[in-house]
Amino acid sequence: MTDPHTGPLPAAAGPDGASSAAGASKDVLGRGSLYTIASAAPILAAVLVTPFVTRLLGDAEYGVVAVALQVVQVGAMVGGLGMAAAITRHGIMERSGADGARALVLRGSAISSVLLVVAMLAGPLWGEPVLGTPWRAGLAFAVIAAAGFGTMLNAQSFLRVLDRPAPFVALSTLATLGGPAIGLLLVLFRGTDANDYLFGLMVGYLLAGIGGIALSLRGGRPRGEPGDFAHALKVGLPAVPHLVALFLAQGALVLVAARYLGIAEGGRLQIALLVGGAPAMITAALNNAWAPVVYRTAPEHRGAALERTAQDIAAVTAVLAGGVALLSPWVLQVLAPASFGPSELVVAVGITTVGSVISVAYLANVHLVFASSRSTGLAFASPASLAVGVLISLVLAQVGGLTAVAAGFPITYLCLAVGTALLRRRVSPTSWREAVLTGPVLGGMAICGLGAALPFTGALWITVRLVLAVALGGLLLVLVRRVFTR
């Protein structure tokens, strides 16, 4: 008998391995650049809203916001049962195709919403022991926002199947820019309480979730086959601890800082991680085009396509991360008032950007793990990687303060890169030369190190930083041009 969950793979992008590889990079950076606009929404929200929020709320109340943001993200991942990780793969590689993926969006989102409502009602029991701060209305709003966010993520996974970046971007904009804008208005006109801001955030995510369901139902009917949901859970559930661990590479560090250094320090570290993790956000946005390209490429050409795309994406990420590290003294001054000590966060940003560079090595191998549909190992490898990073950050919090805690981010991604590489060798028949990443990764780490170490006061050092940043901008243009002209 034929397994209904082992359908034929789509044809390769080109007639041979070389042309498939070259076309793959163009597809990822071409279509991926459209998806990258979606990552610009939270970055734009940070630039436009965060400076006002930090000044209006102060460091203690903003610390509550920082913790609530972790609740939104982790709640969406845990309550979502990994459907967001399974839906794109299902729509491309399984027999029921797009209609089956539509059915997964609806069923997965309904179950997720019920689970998160229950979690919200139980909040007074688990809130303070887990989060380190008393349960309050704003944290309840964050749990409900997680339901809207999870639904939006499921819908976006479906939109990747159809390769529809415009509505994908619209959902991200509504959630990550609309919600903060509503929250900011509430803070301005109602008071200076974190609860007001988090209520606005909840409204934005709920509207995005509703919009995602509407987009998923447009142009087709949800119609799966028997066993579709069970198979999606088989792929998706192991991804839950993996996705939580991936997010907590940043979020857990905020909680460590809040618990051991004070709630205000958690808010300060949130700002540093926001800036230093921006290149990783852009890489994750490119991933919305990268994963479907890998899935659609015929197995015999998949290794060559992954090799070329990974090398190109690593080079682009290294340049972006270096630019962020070099310009961070001025970005931090925009995002946070003097009471946050933004100049003291420059080194933490530089350390975080190193993790952004390393993240490409992890992403490249995890595509092959998901393509194999044998993702169970991620449920162990990813939490183990997070545990190493968090344990080291706990030790460093005692001896090195806030800046040292940031080292947990690149350490976690290094462990993730090693863990997924070992897992890929066990579960995937596809191999590729990981050594092609050596140059971009080491070069990116060196530039990020310069951004962390160089002084940023005095005309000479300001000039040095700006000249290096401009040079990196020119290099970025050269890299992108090479991808589209070779």
Side-chain angles (χ1 to χ4, degrees), residues 7-39 84-94 97-98 101 153 156-169 235 239 280-317 359-373 375 420-421 424 427-434 436-437 440 479-486:
L9 290 172
D16 55 48
S19 60
S20 293
S25 275
K26 291 180 182 178
D27 288 343
V28 172
L29 292 179
R31 303 298 290 174
S33 64
L34 299 177
Y35 286 106
T36 303
I37 298 173
S39 73
I87 288 169
T88 299
R89 182 196 174 279
H90 186 99
I92 294 173
M93 303 183 74
E94 303 296 344
L153 291 175
Q156 287 184 314
S157 292
F158 173 71
L159 293 172
R160 290 165 66 189
V161 174
L162 304 182
D163 193 19
R164 296 179 60 192
F168 186 104
V169 171
V235 175
M281 292 175 63
I282 294 174
T283 303
L286 291 174
N287 191 53
N288 289 301
W290 194 6
V293 165
V294 173
Y295 297 159
R296 290 190 175 102
T297 303
E300 63 269 22
H301 298 152
R302 193 171 287 157
L306 183 65
E307 193 172 296
R308 176 62 63 85
T309 52
Q311 186 176 28
D312 289 335
I313 291 172
V316 169
T317 304
S359 70
V360 179
Y362 143 76
L363 282 172
N365 279 307
V366 86
H367 293 321
L368 297 180
V369 173
F370 279 117
S372 73
S373 79
S375 58
T420 52
R424 186 267 300 169
V427 303
S428 175
T430 303
S431 61
W432 64 290
R433 293 180 304 145
E434 292 160 295
V436 300
L437 297 183
L479 291 172
V480 173
R481 183 178 183 276
R482 186 185 67 181
V483 167
F484 285 97
T485 58
R486 66 189 171 201

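The main-chain N or O of Val235 is found under 3.5 Å from a side-chain atom of Ser375 such that the two form a donor-acceptor pair. The backbone N or O of Ala84 sits less than 3.5 Å from a side-chain atom of Ser157, completing a donor-acceptor pair. Side chain of Thr309 to main chain of Ala305: a donor-acceptor pair is present (N/O by atom type, distance under 3.5 Å, no hydrogens or angles). In this structure a side-chain-to-backbone donor-acceptor pair under 3.5 Å is missing from Arg164 to Leu159. In this structure, the side chain of Glu307 does not engage the main chain of Trp432 through any donor-acceptor pair within 3.5 Å. At distances below 3.5 Å, not a single donor-acceptor pair connects side-chain atoms of Arg424 with backbone N or O atoms of Val366. When atom types are taken as modelled, the side chain of Arg89 and the backbone of Phe370 share a donor-acceptor pair closer than 3.5 angstrom.
Considering every non-hydrogen atom in both Phe168 and Arg160, the closest pair reads CE1-CG, 3.9 Å. Taking all atoms of both residues into account, the shortest heavy-atom contact from Phe158 to Ala101 is CD1-CB, 3.7 Å. In plain terms, the two heavy atoms of Val316 and Leu479 that are nearest each other are N-CD1, 4.3 Å. The minimum heavy-atom distance between His90 and Gly97, with the atom names listed, is CD2-O, 4.0 Å. Considering every non-hydrogen atom in both Ser428 and Ser372, the closest pair reads CA-CB, 4.4 Å. Taking both residues in full, the closest heavy atoms of Thr420 and Val369 are given as O-CG2, 4.5 Å, listed atom of the first, atom of the second, then distance.
To the nearest 0.5 Å, the span separating CZ on Arg482 from CG on Asp312 amounts to 5.5 Å. Taking NE2 of His367 as the start and OH of Tyr295 as the end, the distance is 7.0 Å to the nearest 0.5 Å. Interatomic distance, CH2 of Trp290 versus CG of Leu363, reported as 5.5 Å (0.5 Å rounding). To the nearest 0.5 Å, atom NE2 of residue His301 and atom CG of residue Leu306 are 14.5 Å apart. Atom CD1 in Ile313 sits 10.0 Å away from atom OG in Ser359 (nearest 0.5 Å). To the nearest 0.5 Å, atom CG of residue Leu162 and atom OG1 of residue Thr88 are 10.0 Å apart.
Between the side chains of Thr317 and Thr283, at least one donor-acceptor pair of N or O atoms lies under 3.5 Å.
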